[in-house]
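Inspection log for the structure reproduced underneath, given as structure tokens.
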Amino acid sequence: MTTQRSPLPGYAALFIAIALLPALGAYPIFVMKVLCYALFACAFNLLIGFTGLLSFGHAAFLGAAAYGAGHALKVWGFPAPLGLLFGAAVAALAGLAFGWLAIRRSGIYFSMITLALSQMLFFFFLQAPFTGGEDGLQSVPRGRFLGLDLANDLTLYYVVLAIFIAGFWLIYRTVHSPFGQVLTSIRENEARATSLGYDVERFKLVAFVLSAALAGLAGATKTLVLGFATLTDAVWTTSGAVILMTLVGGMGTMVGPMVGALVIVALENKIGDVGRALAELTGIAWFNGLGEAVTLVTGLIFILCVLAFRRGLVGEATALLSRFKRRPPQ
């Protein structure tokens with residue numbers, strides 16, 4: 001009988017490695033953007049990977065928190081911690097309203113309700129005066145965080161990393177708690193969970209609100225990092241992007257969404273450089289336009305994952321490692 005090792009030392013080593021990235025020459029703003037989207041993907045994974053609820057409207061919570069935090073920081077002069085908490089609270093309230101309506105249905109009907117509500121919120125952001133419309137909410141100040149000057153990119157980097165670790169820890173504790181076990185049972189067999197006496201709709205609603213709040217924390221943090229909030233944060237394609245991040249990394253795994261976020265954000269930001277390098281290497285001029293074909297590349301990655309990597313990168317790697325460990329010695 002073998003005892004299962006705790007993954008916590010591995011997570012700690014991963015976070016230490018991330019903390020050392022700036023010293024190794026990584027661009028802090030890029031890594032912070034990846035961390036924000038990684039938290040967004042982890043929050044989404046809590047809903048789909050551990051509860052079995054597919055939301056097509058999660059960008060609404062990212063955008064609501066982005067605008068809420070940006071307005072609180074710029075117009076009301078909130079300090080950074082309160083601005084972030086306010087953004088997360090706005091997203092949690094939106095999640096409560098969305099969830100209360102959506103959990104009454106299941107399957108594709110649940111997904112389509114979340115998409116419809118998200119689109120309604122998107123058009124509200126498009127026309128509301130405080131969002132800046134198509135121009136977005138610009139020049140959001142970073143301020144200070146518990147006495148730390150966030151104008152310094154390196155200081156902000158470690159604050160963002162601490163926020164991500166806190167969000168990741170909350171998800172980990174949720175998944176490995178009795179509440180998380182009930183969520184897993186709902187995902188596996190909702191009828192049996194109901195027969196055991198669990199109020200399934202209440203558990204779904206709590207999971208939905210928690211996922212929305214964490215997605216909102218990611219959106220608020222992204223506004224703090226980049227200094228602006230735009231309609232891109234709330235558009236339906238952002239909901240599609242977080243689904244892709246989760247699938248590419250590995251749905252139902254803890255680290256998978258982080259890997260998926262890194263892959264997708266790196267593609268969106270570096271695909272032009274890769275295209276130019278390929279054009280120089282091969283002499284094919286078409287590669288110079290690869291930066292304008294991000295959706296084509298991400299679509300191909302999605303098809304590849306569906307056909308060849310059903311568990312995602314982390315899921316497939318974990319399954320391969322498990323098979324290797326079970327192999328009898330020669």
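Hydrogens, waters and symmetry mates are skipped; everything else that's a heavy atom, side chains included, is used. Residue numbers run from 1 in the order of the sequence given.
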* To do: Could you list the residues that satisfy ring pair (Phe, Tyr, Trp, His ring centres under 6.0 Å) with F179, not counting sequence neighbours?
  => F203
* Decide side chain to side chain contact (heavy atoms under 4.5 Å, CB included) for L148 and L156; before the verdict, give the C-alpha distance in whole Å, the side-chain angles of both, and the deciding distance to 0.1 Å. => CA-CA 8 Å; L148 300 173; L156 180 61; over 6 Å; no
* Asked: Is any side-chain N of the basic residue among E190 and K204 closer than 4.0 Å to the acidic one's carboxylate O?
  -> yes
Could you report the tightest heavy-atom contact between [X] and [Y], atom names first, then the distance?
{"X": "V160", "Y": "C36", "value": "CG1-SG, 4.5 Å"}
{"X": "P22", "Y": "L154", "value": "CB-CD1, 3.7 Å"}
{"X": "C42", "Y": "P257", "value": "N-CB, 3.7 Å"}
{"X": "V314", "Y": "V255", "value": "CG2-C, 4.3 Å"}
{"X": "F168", "Y": "L39", "value": "N-CD1, 4.5 Å"}
{"X": "A92", "Y": "V209", "value": "O-CG1, 3.9 Å"}

* To do: From the options L205, L101, V206, select the one residue that forms a side chain to side chain contact (heavy atoms under 4.5 Å, CB included) with L96.
  => L205
* The single option from D149, D153, T155 passing side chain to side chain donor-acceptor pair (under 3.5 Å) against R142 -> D153
* Asked: Roughly how far, to the nearest 0.5 Å, is the OH atom of Y11 from the CE atom of M254?
  -> 5.0 Å
Can you check whether [Y]'s main-chain N or O pairs, donor with acceptor, with [X]'s side chain at less than 3.5 Å?
{"X": "N269", "Y": "A266", "answer": "no"}
{"X": "Y158", "Y": "A19", "answer": "yes"}
{"X": "H176", "Y": "Y172", "answer": "yes"}
{"X": "R104", "Y": "W100", "answer": "yes"}
{"X": "S211", "Y": "L46", "answer": "no"}
{"X": "Y198", "Y": "S185", "answer": "no"}
{"X": "T114", "Y": "S111", "answer": "yes"}
{"X": "T131", "Y": "G133", "answer": "yes"}

Table please: side-chain donor-acceptor pairs of residues 73-91 below 3.5 Å, with sequence neighbours left out.
from, atom 1, to, atom 2, distance (Å)
K74, NZ, Q138, O, 2.7

* Within-4.5 Å side-chain heavy-atom neighbours: D233 and T238 -> no
* To do: Please examine the side chains of F110 and F56, heavy atoms only from C-beta on, and report whether any two atoms are closer than 4.5 Å.
  => no
* Asked: If Ile, Leu, Val, Met, Phe, Trp and Tyr residues are connected whenever their side-chain heavy atoms lie under 4.5 Å apart, and connections chain through other members, are V265 and I243 in the same group?
  -> yes
* Asked: Is there a side chain to side chain contact (heavy atoms under 4.5 Å, CB included) between I171 and L214 once you walk through the steps?
  -> CA-CA 9 Å; I171 294 172; L214 289 169; 3.5 Å; yes
* Asked: How about Y109: does its OH atom have over 12 heavy atoms from other parts shown lying under 6.0 Å from it?
  -> no
* Asked: Is the F98 to F61 ring centre distance short of 6.0 Å?
  -> yes
* After noting the C-alpha distance and the side-chain angles of L137 and F228, does the key distance pass the side chain to side chain contact (heavy atoms under 4.5 Å, CB included) rule? -> CA-CA 5 Å; L137 186 63; F228 58 83; over 6 Å; no
* Structure fact -> Note: with side-chain heavy atoms under 4.5 Å as the link, the other cluster members for L20 come out as I16
* To do: Could you walk me through whether M258 and I18 pass side chain to side chain contact (heavy atoms under 4.5 Å, CB included), step by step?
  => CA-CA 12 Å; M258 297 172 58; I18 295 173; 4.2 Å; yes
